[in-house]
**Q** 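Before I ask anything, let me first share the structure, which is written out below as structure tokens.
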Amino acid sequence: MKPLILETQDLCVAYGRVEAIHKVSIRIREGEIVTVIGPNGAGKTTLLSALMGLLPARGDIRYQGQLSSGSTAVDKLVGKGLVLVPEKRELFGSMSVADNLLLGAFARHRRGLRDHAKTMDEVFAIFPRLAERRTQEAGTLSGGERQMLAMGRALMAKPTLLMLDEPSLGLAPLIVREIFRIVQQLKAMGVSILLVEQNARAALQVADYGYVLENGSVALENDARSLLDDPRVIESYLGLGGSHSIAA
Amino acid sequence: MRCDGTAAPRTPAGIGVNASIALILVQDGVTNGAIYALLSLALVLVFAVTRVIFIPQGEFVAYGALSMAAVTAGFLPPTMWLVVTLGIAVALVDSVAALREGAAARLPMIILKNAVLPVLALLAVRYLPLKTLAYPLQIAVALLFVVPLGPQIYRLAFQPVAEATVLLLLIVSVAVHFVLLGLGLYFFGAEGGRTPAFTDGGFNLGASYIQFQTLWIVGIAAVLIAGLALFFEHSIYGKALRATAINRTGARLMGISADLAGKLCFTLAALVGAFSGILIAPITTIYYDTGFLIGLKGFVGAIVGGLASYPLAAAGAILVGLLESYSSFYASAYKEVIVFTLIIPVLLWRSLTTHQVDDEEH
Ligand SMILES: Nc1ncnc2c1ncn2[C@@H]1O[C@H](COP(=O)(O)OP(=O)(O)OP(=O)(O)O)[C@@H](O)[C@H]1O
Ligand SMILES: [Mg+2]
């Protein structure tokens, strides 16, 4: 079995006194795509924010074997190849596409790795649309282009583990398919991926392993293939008009 | 009108402004406006990146000018003791933080960079013949013991509360201002300082006399502003600062740490402030508390730019300089009132024409 790249043990995250994540334990192995699916408000974004060090958390987070316990500075984790594409994208709206991409390589630049020109060519090869728009302001891009830029910017950091928060959110089916194709392509390039998605079917189809998060806890976990065939998952997340709850 | 309000060109009452007086006023206005423009850019930068309204900006002007006065008189800048003391304090605070994180391996570097380096610099400069040093080297020595105060103050006073509200940051800022003011009195005493001009003399342009120093001021201010523009447009660190100002969360996710961004722009603000002081020290006597009013006028310029737009802030600052020189000619008793009253129509105009945008919510 491949070595673990990220592992949490009884992770709890609270907003004030309200606990949004309760005793969540997940594992991601090198080169795997792991997906976390679940209804709105389940705590998926909260989980990713805590993993990234954006939110304080209780319980253990182990990235590349090192305990980071939710208080490690974000820039340290980015420097070690843990990169998040957030749900809100957080682009630099009044800066050009090229500058947004360049800043994706900031952490590498700080460590003395000055290969961003080459990396940018690789990103442009994956997203030719970005190359066409390199001088355009990020704030004027279309929704799909914004998502491509957010992913491209994350790739500029040459991530070891890439965390994607709903990359298909609000995109046309054609672009969604394109995004999932790219996710698989990244896996082939050796990038480990933690994929948070509402589009459960597409996510489980590309993933190796999946977790179902409900009300801040893991309700179900299994190989992605098994989850696709699991009647509880089919009823709640894959069927039409599902109830979006397994525990209930 | 000079920054401290002295040496106003006076004419007998009742005589209208002829062309040469207008030229003198414009010259004064633009000279001071150039300094205010520099300061307003630094204020906009610091606010955009850290949300700190940098009241102590003026103290850096005074420290720069008075340190330069000390160096040209052959003394070491007294602020060097402050740089050394704060350096040791930063080393302590950073060491404790590193130990808490379990990163003991970083201790030697932390201590070397923050505590040992200032002491070495002090020892090195001690044996220099300061008084006979070339002018640019004297400037370098004066800056060497003022500019580090910028990042040191950020680390000690602002970084621990970096996530606080703008109001709390403002309160800290006011506190730092008073501390630096008091220390300024302690270090430099109550009497003012003046330095020799970069180049003595001047020349006649039509009916008016132009000092070389005013050319230096406007020229160097323009070069510094252009340099800052290049830094923000073309270097990755400049872009990182802009990114932090545009989207704080986005910048953090790129590994641009708020601490680094904060230290970087406080360094720039300290450099701009101290250099401004060195520029005006030959044409006006600077006291330990002169900086505050100068800084405030830069602030009026920054307000014109809504604390967000660099070109508008610079234009506002030039406007402040001109308004100041004209009002000191026509109604010198009300000079400051007129300048600061400029804020009111500007704020009214801004509140009517702009709508609240919150970049962090996108
Ligand atoms: N800043 C906050 N303060 C207080 N409560 C919050 C905050 N952010 C999220 N929550 C709450 O925490 C819970 C989990 O939110 P989270 O954004 O993690 O859900 P999610 O699974 O990502 O949902 P979605 O699929 O809609 O993006 C929700 O009940 C939400 O209202
Ligand atoms: Mg979410």
Side-chain angles (χ1 to χ4, degrees), chain A residues 48-49 52-56 66-69 71-96 98-111 113-114 116-117 137-139 146 149-150 153-154 156-159 162-163 165, chain B residues 44 48-49 94 96-106 109-110 155 159-160 162-163 229-264 306 308-312 357-362:
Chain A
L48 294 190
S49 304
M52 198 66 240
L54 291 169
L55 286 175
Q66 274 189 13
L67 206 60
S68 70
S69 72
S71 66
T72 306
V74 185
D75 55 307
K76 299 262 159 56
L77 290 170
V78 177
K80 289 185 198 159
L82 181 64
V83 181
L84 170 68
V85 177
E87 193 173 17
K88 292 181 185 165
R89 312 306 177 228
E90 313 285 6
L91 298 174
F92 307 120
S94 54
M95 296 174 83
S96 71
D99 280 351
N100 270 269
L101 289 175
L102 176 68
L103 286 167
F106 184 81
R108 286 177 67 74
H109 185 94
R110 274 221 88 187
R111 281 182 298 146
L113 303 164
R114 309 284 150 93
H116 52 79
E137 274 191 13
R146 290 168 65 84
L149 180 55
R153 190 179 64 167
M156 289 296 293
K158 297 212 167 174
L162 180 62
M163 304 198 288
D165 197 345
Chain B
V44 170
V49 173
D94 273 353
V96 170
L99 284 178
R100 277 221 194 107
E101 263 179 49
R106 295 215 317 268
M109 199 58 202
I110 289 174
R155 176 65 189 91
Q159 188 173 314
E163 298 299 318
L230 281 177
F231 172 72
F232 286 120
E233 286 299 318
H234 294 291
S235 83
I236 191 165
Y237 282 92
K239 286 174 183 176
L241 286 185
R242 271 165 64 208
T244 308
I246 296 169
N247 187 328
R248 203 171 298 275
T249 311
R252 282 182 82 189
L253 289 175
M254 299 302 102
I256 303 166
S257 86
D259 301 348
L260 174 75
K263 262 185 230 163
L264 195 51
S309 159
Y310 295 95
L312 273 183
V357 261
D358 193 348
D359 266 319
E360 315 229 338
E361 290 307 308
H362 293 298

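Per chain, numbering begins at 1; letters A, B, ... match sequence-line order.
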**Q** Among B:Met254, B:Lys239, B:Arg242, which residue satisfies the side chain to side chain contact (heavy atoms under 4.5 Å, CB included) criterion with A:Phe92?
**A** B:Met254
**Q** Holding to side-chain hydrogen bond (donor to acceptor under 3.5 Å, both in side chains), I want the full list of residues that pass it with B:Arg155, two or more places apart in sequence or in another chain.
**A** B:Asp94
**Q** Under 4.5 Å from any heavy atom of chain A, what part of B:Ala258 do you find: side chain, backbone, both or neither?
**A** neither
**Q** Does the side chain of A:Pro86 come within less than 4.5 Å of B:Leu253's, by heavy atoms?
**A** yes
**Q** CG/A:Leu77 to CZ/B:Arg252 distance, rounded to the nearest 0.5 angstrom?
**A** 10.5 Å
**Q** For each of B:Ala240, B:Ala243, B:Ser257, tally heavy-atom pairs with chain A at distances under 4.5 Å, and name the one with the top tally.
**A** B:Ala243
**Q** If I take atom CG from residue A:Asp75 and atom CD1 from residue B:Ile256, how far apart are they, to the nearest 0.5 angstrom?
**A** 10.0 Å
**Q** How many angstroms lie between CG in A:Leu103 and CD1 in B:Ile246, if you round to the nearest 0.5 Å?
**A** 9.0 Å
**Q** Should B:Leu260 and A:Arg110 count as side-chain neighbours, where that means a heavy-atom distance under 4.5 Å?
**A** yes
**Q** State which residues pass side-chain hydrogen bond (donor to acceptor under 3.5 Å, both in side chains) with A:Arg114; sequence neighbours excluded, sorted by chain then number.
**A** A:His109
